[in-house]
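One structure is given below, encoded as structure tokens.
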Amino acid sequence: MENEVVSKNFIEQIIEEDIKEGHCETVRTRFPPEPNGYLHIGHAKSILLNYGLAKEYGGKFHMRFDDTNPTKEKVEFVESIKEDIKWLGADWEDRLFFASDYFEQMYEAAVKLIKKGKAYVSDLNAEQIREYRGTLTEPGREDPGTSRSIEENLTLFNNMKEGKYEDGAMVLRARIDMASPNINMRDPILYRVAHMTHHNTGDKWCIYPMYDFAHPIEDAIEGITHSVCTLEFEDHRPLYDWVVRELEYENPPKQIEFAKLYLTNVVTGKRYIKKLVEENIVDGWDDPRLVSIAALRRRGFTPESIQRFVELCGVSKANSSVDYAMLEYCIREDLKLKRPRMMAVLNPIKLIIDNYPEGEVEYLDAANNLENEELGSRKIPFCRELYIEREDFMEEPPRKYFRLFPGNEVRLMHAYFVKCESFVKDEEGNVTEVHCTYDPETKAGSGFTGRKVKGTIHWAPAPYAKKCEVRLYENLVDEEKGVYNKEDGSLNLNPDSLSILKDCYIEPALAEAEPYDSFQFVRQGFFCVDSKDSSSDALVFNRIVSLKSSYKLPTQNQ
RNA sequence: UGGCCCAUCGCCAAACGGUAAGGCAACGGACUCUGACUCCGUCAUUUCAAGGUUCGAAUCCUUGUGGGCCAGCCA
């Protein structure tokens, strides 16, 4: 790991060049979300990228809410966003900012532009503005407002601020180039009127700056050196640079764009998730099948696993979609050595050891994680009646089936070898009991080497095991058909995305598990106590991820 | 059909004119008290295509092709 050669991504290369050439001594980056929704895995990339860059170059990372449009923003979201970013491990220390704290400076900046003849008030309505803007292939036309004098513009803009106009009646526009092939440069709107209470500034303002005007100012005020954003803002860079230049900032920030993170077979669109929530297809924005930060946390993902994932994905300008398997790899990798490996029987069937004395119990020693001694050990009661996984017994086994079947011997993990002698079926032909004999000489830890078995299965002691609920998850959407329906754009939902198993048995040591605690359930995967629906007397576990398996039951193959 | 951006293995992604890293996935095999882990091995004679420049091109140029973004008083 220490010797891992990690090649620099293109942003690091730009930064190193900038430092080398003396454009800056160190870096200052920021994550600037609008508080209008919940964060998801895609935002994690941006957060961790910006935070990581600051750390890597000994710089500072800022948290900044880009709250310039009160019609879309809510405090509820600023709180959830802060919580998610903290959880992810991006520490902004005392550098928490709000774009709205700079409204005064932005207003003054606008006045400055007017005085330079670089901005004017327009009384065109929204529809007219659109008409005048032209199209992708035709240039726009001059706004009649351009003929106003500086004094008149100053007065009008002040009137806008004073609340003398209705929403939409007037806007402030930059004077750039109505014929530019880049539509963002066709006299973009700088300020609009919105009589609306802002979550931070209340009713102090009734004019609000547009993103394109506000963002470069925010960056410049905070001394951001590299303003990292996603690809769709590439066309805005000339405008970003124009604002910074016209306002004559001394250390102009540099905007750099990278490609967003997309995951395969995952739903991130706000509209879609909203619909899923409303139709009760998912259990809120933190449903474990979603990839919002809150959902990943609830599912049992760790910040470390997400950090690693983002790191592994890399940063480039190519639009791409990362395989979900990569995320699974990262969480398995993170939990592998950190978590106890316990036994849980998800789909139980009784196993009776006929030659084990009735009523007797012995407490077996079991290491919690054979690959990490620091995790210690626990005792597991062992007795005559156990539960084993229904899948681990077959009356007529296929080839290469190493588990229990009549006449076959397997190891009960942490316990003894048992040999299947017989089984019992009900009237419908379902196996209800498997009967075995055990060999006392084969006790775990005894050093027995007399013979070997091919299979080791897990179990839970019937009288001592605790019943619980386990939820298994698959992709929310159909992997075969693709995420979206080609006809109407709706989601191709996977009907099996959630399976609830209510009749599961866990070994007694697991009874004390608290919300967010996670474990490996041996041979099954990693599981986490659900933070929403679990209680101490009715535990609910979420499967975070299954273990990899090179064996498929033949029945599953068809 | 205006402008900007992108194209390297199934999926990410390096390579910066000197002869295609790495990870995920997959597939063999060894090991195994998890059919897990670990280990060992396989996996791009070729970089969207065609031309050109060069002793030498994934890298530079040209022309195509494919994909993304832009016509909010959203960010």
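Chain letters run A, B, ... following the sequence lines, proteins first, then strands; residues in each count from 1.
Counting heavy-atom neighbours within 6.0 Å of A:Lys419 NZ, excluding the residue itself, gives a total of 12 or less.
Checked against salt bridge (charged side-chain N to carboxylate O under 4.0 Å, His left out), A:Asp101 has no partners two or more places apart in sequence or in another chain. Shown here are the salt bridge (charged side-chain N to carboxylate O under 4.0 Å, His left out) partners of A:Glu76, two or more places apart in sequence or in another chain: there are none. Taking A:His215 as the reference, A:Tyr211 meet the ring-ring contact (aromatic ring centres under 6.0 Å, His included) condition, with sequence neighbours excluded. Taking A:Glu16 as the reference, A:Lys8 meet the salt bridge (charged side-chain N to carboxylate O under 4.0 Å, His left out) condition, with sequence neighbours excluded. Considering only residues two or more places apart in sequence or on other chains, A:Glu257 meets the side chain to side chain donor-acceptor pair (under 3.5 Å) condition with A:Arg237, A:Gln255.
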Using nucleotides 26-31 of chain B, report all nitrogen or oxygen pairs with the protein that are shorter than 3.5 Å.
| from | atom 1 | to | atom 2 | distance (Å) |
| --- | --- | --- | --- | --- |
| B:A26 | OP2 | A:Lys548 | NZ | 3.3 |

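The same atom, C1', is picked in B:C24 and in B:C4; the two are 32 Å apart, to the nearest Å. Using atom P as the reference point in both B:A25 and B:A20, the two lie 27 Å apart (nearest Å). B:U65 sits 29 Å from B:G56 when the P atoms are compared, rounded to a whole Å. Here, B:C6 and B:U47 have their C1' atoms 15 Å apart, quoted to the whole Å. Atom C1' of B:A58 sits at a distance of 12 Å from the matching atom of B:C48, rounded to the whole Å. Rounded to whole Å, the P atom of B:A13 lies 31 Å from the corresponding atom of B:G72. Taking atom C1' in both B:C27 and B:G10, one finds a spacing of 13 Å when rounded to whole Å. Nucleotides B:G3 and B:C43 have their C1' atoms positioned 41 Å apart, rounded to a whole Å.
Among residues at least two apart or in separate chains, salt bridge (Lys or Arg N to Asp or Glu O under 4.0 Å) pairs with a member in residues 518-528 of chain A are A:Asp392-A:Arg523. Listed by first then second residue, pairs satisfying salt bridge (Lys or Arg N to Asp or Glu O under 4.0 Å) with a partner in residues 182-193 of chain A read A:Arg175-A:Asp187, not counting sequence neighbours. Listed by first and then second residue, the salt bridge (Lys or Arg N to Asp or Glu O under 4.0 Å) pairs involving residues 122-133 of chain A are A:Asp123-A:Arg148 (not counting sequence neighbours).
Both geometric conditions, a ring-centre gap below 5.5 Å and a plane tilt below 30°, are fulfilled for A:Tyr551 over the base of B:G35.
Residue contacts for A:Asp167: at a heavy-atom cut-off of 4.0 Å it reaches no nucleic acid atom on any strand shown. Note on A:Arg341: a base of the nucleic acid sits closer than 4.0 angstrom, heavy atoms only. Within the 4.0 angstrom heavy-atom criterion, only backbone atoms of the sugar-phosphate kind lie near A:Val322; the bases stay farther away. The residue A:Arg237 sits apart from the nucleic acid: no heavy atom pair falls under 4.0 Å. Across all strands, A:Thr68 comes closer than 4.0 Å only to sugar-phosphate atoms, never to a base (heavy-atom distances). The residue A:Val315 sits close only to the backbone: its heavy atoms come under 4.0 Å of sugar-phosphate atoms, none of a base. Among the atoms of the strands shown, base atoms are found under 4.0 Å from some heavy atom of A:Gln520. Counting non-hydrogen atoms under 4.0 angstrom, A:Ser321 reaches the backbone sugars and phosphates but no base.
For the pair A:Arg141 and A:Tyr132, the cation-pi criterion (under 6.0 Å, within 45° of the ring axis) is fulfilled.
Nearest-nucleotide positions on RNA chain B place A:Glu138 closer to the 5' end than the other of A:Gln13 and A:Glu138. Summary of the strand contacts: A:Ser550 and A:Lys452 both lie near RNA chain B, and taking for each the nucleotide with the nearest heavy atom, the more 5' one is attributed to A:Lys452.
In B:G10 the base sits anti relative to the sugar, since the glycosidic angle is further than 90° from 0.
Side chains of A:Tyr208 and A:Asn69: no donor on one and acceptor on the other come within 3.5 Å. Side-chain polar atoms of A:Ser377 and A:Asn368 form no donor-acceptor pair below 3.5 angstrom.
The side chain of A:Val171 lies closest to B:C73 when the candidates are B:A14, B:C73, B:A25.
Taking only side-chain nitrogens and oxygens, A:Ser7 never comes nearer than 4.0 Å to OP1 or OP2 of B:A21.
Look at OH on A:Tyr208: it is 12 Å from P on B:A75, rounded to the nearest Å.
When base pairs are accepted only as Watson-Crick or G-U wobble with both N-N or N-O distances under 3.5 Å, RNA chain B takes part in stems of 3 or more pairs at B:2-7 with B:65-70, B:10-12 with B:22-24, B:26-30 with B:38-42, B:48-52 with B:60-64.
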Per-nucleotide protein contact along nucleotides 67-72 of chain B, 5' to 3', at a 4.0 Å heavy-atom cut-off (B base, S sugar-phosphate only, - neither), is -SBBBS
Can you list, pair by pair, the side-chain donor-acceptor contacts under 3.5 Å of residues 313-331 of chain A, counting residues two or more places apart and other chains?
| from | atom 1 | to | atom 2 | distance (Å) |
| --- | --- | --- | --- | --- |
| A:Ser316 | OG | A:Ala318 | N | 3.2 |
| A:Lys317 | NZ | A:Glu234 | OE2 | 2.8 |
| A:Asp323 | OD1 | A:Ala325 | N | 3.0 |

